[in-house]
Amino acid sequence: MTAKRLARLHTWNGWNLLFLLITGVILYMPALRSWTTSLRTPLKYLHIGSGLLSLGLLATYLPLAGDHFDRLRQRAGQKANVWLLAGLLLGWGLSGVMLILNRYLPEGVAESALVWHDRLTWFAVPWALAHAVTRYFKLRLFAVGEPVLEDRRVLLAGAGTVVGAWLWGRLGATLGVPGMEAAKPKYSSHQPIEPGAAFVPPPIVEPAVKSKGRFRVYTVVEPIPTFDARTWQFTVKGLVEKELTFDWEAFRQLPKVTQVSDFHCITGWSVYSVTWEGVRLSDLLDLAGVKPGAAYVKFISGDGVYTDSVALSTARLGDVLLPWAMDGSPLPTALGGPVRLVVPQMYGYKSVKWVQAIELIDREHIGFWEVLGYPADAWLRKEGAADV
Ligand SMILES: Nc1nc2c(c(=O)[nH]1)N[C@H]1C(S)=C(S)[C@@H](COP(=O)(O)O)O[C@H]1N2
Ligand SMILES: [Mo]
C-alpha cells in the first residue's frame with residue numbers, strides 16, 4: 001500500500017519538478033526574456049502554482065517518510081536523494097515565498113531569495129538529469145546493500161546540497177555562464193558597450209559613492225536598439241504650451257542634476273547607490289509648460305514597443321530623472337543609453353529605457369508590462385504613495 005503511494009508520489013513529483021525547472025529557466029534566462037514576454041505573467045503564476053503543488057506533495061510524503069526510510073535502510077544513495085530533494089524543495093519553497101512577498105520584506109531580502117532560488121535551480125538541473133538517467137537505466141551510482149545508514153551521513157547529504165548549490169553558483173559565475181554571472185560583480189561589468197560612443201555627454205562628475213549590485217539587461221525587442229547621435233531626437237508633446245524637439249546637441253545643453261538613488265526590479269534584484277546624471281523631468285516639463293488638462297506623463301521608448309506612464313504628480317518628484325550618465329560613465333546602450341528614465345521610488349518597469357518622446361495626456365496610459373499583468377501600482381512600498 002505504502003509502496004504504491006510512494007511510487008505515485010514519485011511520479012507526480014518528477015513531472016511537477018520537470019515543469020518547475022522548465023518554467024523557471026524560461027522565466028529566468030535573460031536570453032529568453034524578449035521572446036517570452038507575453039507569456040511571462042501566466043508562466044509566473046503556473047510556476048508559483050506548481051511550486052505550491054510541490055510543497056503539497058512534500059507534505060503528503062511526510063506521513064510516509066518513516067516507512068520509506070525503513071525500506072531504504074540499505075540504500076544509502078536513495079536515502080541521500082530523498083534528503084537532497086527535501087532540502088531543494090524547502091529551499092525553493094522558502095525563497096519562492098519570499099520572492100512573492102518581495103514588496104513587504106526588508107530591502108535586500110528579495111535579492112538573496114532570488115540568488116538562492118537560482119543557485120538551487122542550477123544545482124538541481126544536473127542532479128535531476130543524473131537522477132532521471134540512472135533511474136531510467138536502473139544504474140546505481142551508490143553502493144547498495146551497505147549496512148544501516150548512519151544518521152550522520154544523511155545529514156551530510158543535506159549539508160552537501162547547500163554547499164553544492166553554493167559551489168555550483170560560484171562555478172557558473174566564474175565561467176560567466178549566461179544568467180549565472182556573479183550577483184554583485186565589480187562595477188566595471190557595465191561600462192558602455194559599443195554605439196553609445198557617438199553620443200558625447202557633457203562632462204560627467206566623478207561619483208562620490210560606488211554603486212552596489214548589477215543591472216540585469218532587460219529588453220523586449222531584440223536586438224537591443226542602437227541610435228545615432230546625428231539623427232537622434234527627443235520630443236516633448238501632447239498637452240503642453242509648446243512642443244519641444246531636441247537633437248542630441250540641444251539635449252545635452254539642458255540643465256543637469258546629479259543624484260544617488262537605488263534601483264529595484266520587481267523580480268527581486270536591486271542596484272544600490274547608483275549615481276545618475278542628467279535632466280530632471282520636472283525641469284523639462286517647465287520648459288514645455290504643462291497645460292491644465294494634463295494628468296499623466298507617457299514615456300515612449302525608441303525601441304518602438306515599450307511605453308509607460310506616471311501621474312503628473314509623480315513625474316514632478318525631484319528624483320525623477322532622464323539621465324545620460326551613470327556611475328561616472330555615459331549611460332551604456334544596454335541600460336537605456338543615450339537617455340532613459342529613472343523613477344527611483346517605483347519598480348524598474350516604470351523606468352523606460354531609450355526614451356525618445358514624452359507626451360502629456362489627460363488619462364492614464366497602461367504601460368507595456370502592466371498590460372501583461374504587472375501591478376498598476378508600481379510604488380516600492382505602500383507608504384511611498386503617501387509621500388507624494
Ligand atoms: N525600453 C525598455 N525599457 C525598460 C524595459 C524594457 O524591456 N524595455 N524593462 C524595464 C524593467 S522591467 C526594468 S527592471 C528596467 C531594467 O533596466 P536595465 O535593463 O537597465 O537593468 O528597465 C525597464 N525599462
Ligand atoms: Mo523589472
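For this chain, numbers begin at 1 and follow the sequence in order. Just follow the structure's listing: the first ligand is 1, and inside any ligand the first atom is 1. What you are looking at is a predicted structure, and each value in this text was computed from that prediction instead of being measured.
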Could you tell me the residue and atom name of the protein heavy atom closest to [atom], and the distance to it rounded to 0.1 Å?
atom: atom 1 (N) of ligand 1; answer: Asp303 OD2, 3.0 Å
atom: atom 3 (N) of ligand 1; answer: Lys353 N, 3.0 Å
atom: atom 23 (C) of ligand 1; answer: Gly348 O, 3.2 Å
atom: atom 24 (N) of ligand 1; answer: Ser351 O, 2.9 Å

Would you say ligand 1 has an N or O under 3.5 Å from any N or O of [X]?
X: Trp269; result: no
X: Trp369; result: no
X: Arg216; result: yes
X: Arg340; result: yes
X: Tyr349; result: no

Have a look at [X] and tell me which of [options] forms a side chain to side chain contact (heavy atoms under 4.5 Å, CB included) with it.
X: Ile366; options: Val371, Leu372, Thr307; answer: Val371
X: Gln259; options: Val274, Thr275, Asp319; answer: Asp319
X: Lys353; options: Leu331, Val339, Val217, Ile224; answer: Val217

Practice prompt. For the pair Asp327 (side chain) and Pro207 (backbone), establish whether a donor and an acceptor sit closer than 3.5 Å, ignoring hydrogens and angles.
Written response: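 Here the side-chain-to-backbone pair does not exist.
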Worksheet item: Is there a donor-acceptor pair closer than 3.5 Å between any side-chain N or O of Trp354 and the backbone N or O of Thr333?
Response: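 Yes; at least one donor-acceptor contact below 3.5 Å.
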Worksheet entry | His117 and Tyr28 side chains, donor-acceptor separation under 3.5 Å |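 No pair is found: no donor N or O on one side chain lies under 3.5 Å from an acceptor on the other.
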Worksheet item: Given the side-chain rings of Tyr349 and Trp369, with only the six-membered ring counted for Trp, is the space between their centroids under 6.0 Å?
Response: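 Centroid distance Tyr349-Trp369: not below 6.0 Å, so no.
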Which atoms of ligand 1 sit under 4.0 Å from any heavy atom of [X]?
X: Cys265; answer: 14 (S)
X: Val220; answer: 7 (O)
X: Leu335; answer: 20 (O)
X: Ser301; answer: 1 (N)
X: Val217; answer: 19 (O)

Worksheet entry | Sidechain N-carboxylate O distance under 4.0 Å for Asp377, Arg103 |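 Answer for the salt bridge query: yes.
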Worksheet entry | Salt-bridge criterion met for Asp286 and Arg316 (N-O under 4.0 Å) |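 Looking at Arg316 together with Asp286, the answer is yes, because their closest N to O distance falls below 4.0 Å.
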Worksheet item: Is ligand 1 under 4.0 Å from a heavy atom in the side chain of Phe368, in the backbone, in both, or in neither?
Response: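 Looking at Phe368 and ligand 1, no heavy atom falls under 4.0 Å.
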Practice prompt. Between Thr219 and ligand 1, find which residue part has any heavy-atom pair under 4.0 Å and reply side chain, backbone, both or neither.
Written response: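 It is the backbone that gets close, since no side chain atom is under 4.0 Å.
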Practice prompt. Report the member of Tyr347, Tyr306, Tyr374 with the shortest heavy-atom distance to atom 2 (C) of ligand 1.
Written response: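 Selected option, by shortest heavy-atom distance: Tyr306.
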Discussion item. Before you tell me yes or no, could you show the steps for Phe251 and Trp232 under ring-ring contact (aromatic ring centres under 6.0 Å, His included), namely the whole-Å CA-CA distance, both residues' side-chain angles and the distance that decides it to 0.1 Å?
Written reply: CA-CA 10 Å; Phe251 194 87; Trp232 181 88; 5.5 Å; yes
Practice prompt. Following the transitive rule for hydrophobic clusters with a side-chain heavy-atom cut-off under 4.5 Å over Ile, Leu, Val, Met, Phe, Trp and Tyr, establish whether Leu312 and Val279 coincide in one cluster.
Written response: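 Same cluster.
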